[in-house]
Amino acid sequence: MSDVENSFQIGDPVMDAAQGRPMVVLDAPDETVADWSDANGYNLTSNYANSKFGCTDDEPVVECVYVSDVRSEPSKTYTFPVSRIRLIDVHHADDGRRVGARAVRAFLVEAFVVATAEEREALKAICEAAGWASVKDEALEFAKAAGEVPEYV
């Protein structure tokens, strides 16, 4: 698998630029179009809609589900090259915070509240390795403000 960085995050609201339909990102792997095409026996670059957006073999992919109306349920997921996806700009409502970061912060606040001192250190290390340093710091502040985590942590 190629070493590619995907800028999309799980939970991101996006739009299929070819159809103009809203979707939600379910997975944003560090995988290229070529990697995905080889693994799944389907060439994403030869798809007519993808080719209209200049899809290349070295760009990342995202797995999405179309947002259905209240009368129906999503039937399957689809993988798209990122050139076909547009991030729906809803993040201004929370100072630019993306949906995934909000979920991570909420989880971490709860985790820091119930963790022992030793477990907190392990959580901090996991956050650093995952690239969640700023979210970790914010989660610790929320947990401290709630009086559940000692100030010295």
With the 4.5 Å side-chain cut-off for hydrophobic clustering, are [X] and [Y] part of the same group?
X: V82; Y: F53; result: no
X: V114; Y: L123; result: no
X: V113; Y: L108; result: no
X: V14; Y: Y66; result: yes

- prompt: If you take all heavy atoms of N47 and R84, which pair is closest and at what distance?
  reply: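 Minimum heavy-atom separation between N47 and R84: OD1-NH1, 3.7 Å.
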task: Compare every heavy atom of I88 with every heavy atom of M15, then report the nearest pair and how far apart it is.
output: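 Scanning both residues completely, I find the closest heavy atoms to be N-CG1, 3.9 Å.
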message: Is it true that, when you exclude W36 itself, more than 12 heavy atoms of the residues, nucleotides or ligands shown sit nearer than 6.0 Å to its CH2?
response: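 Above 12, so yes.
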Y42 atom OH, neighbour heavy-atom count above 12 within 6.0 Å: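 More than 12 within 6.0 Å, yes.
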task: Start with the C-alpha distance between C55 and V33, add both sets of side-chain angles, then the distance that settles side chain to side chain contact (heavy atoms under 4.5 Å, CB included), and finish with yes or no.
output: CA-CA 8 Å; C55 174; V33 166; 4.0 Å; yes
[Y] side chain reached by [X] side chain, heavy atoms, under 4.5 Å:
X: R120; Y: T116; result: no
X: F112; Y: F142; result: no
X: L44; Y: V61; result: yes
X: K124; Y: L140; result: yes
X: C64; Y: V24; result: no
X: T32; Y: D57; result: no
X: I85; Y: M23; result: yes

If we ignore hydrogens and angles and just use 3.5 Å, is the side chain of [X] paired with the main-chain N or O of [Y] as donor and acceptor?
X: E59; Y: T56; answer: yes
X: D30; Y: E5; answer: no
X: N6; Y: F8; answer: yes
X: R86; Y: S83; answer: yes

- request: Under the side-chain hydrogen bond (donor to acceptor under 3.5 Å, both in side chains) rule, what do Y78 and D16 come out as? Steps first, then yes or no, please.
  value: CA-CA 11 Å; Y78 297 90; D16 175 355; over 6 Å; no
- request: Go through the steps for V62 and D27 under the test side chain to side chain contact (heavy atoms under 4.5 Å, CB included), then give the verdict.
  value: CA-CA 6 Å; V62 290; D27 194 13; over 6 Å; no
message: I'd like to know whether E63 forms a side-chain hydrogen bond (donor to acceptor under 3.5 Å, both in side chains) with T79, so could you lay out the CA-CA distance, the side-chain angles of the two residues, the decisive distance to 0.1 Å, and finally the verdict.
response: CA-CA 4 Å; E63 182 183 2; T79 299; 5.3 Å; no
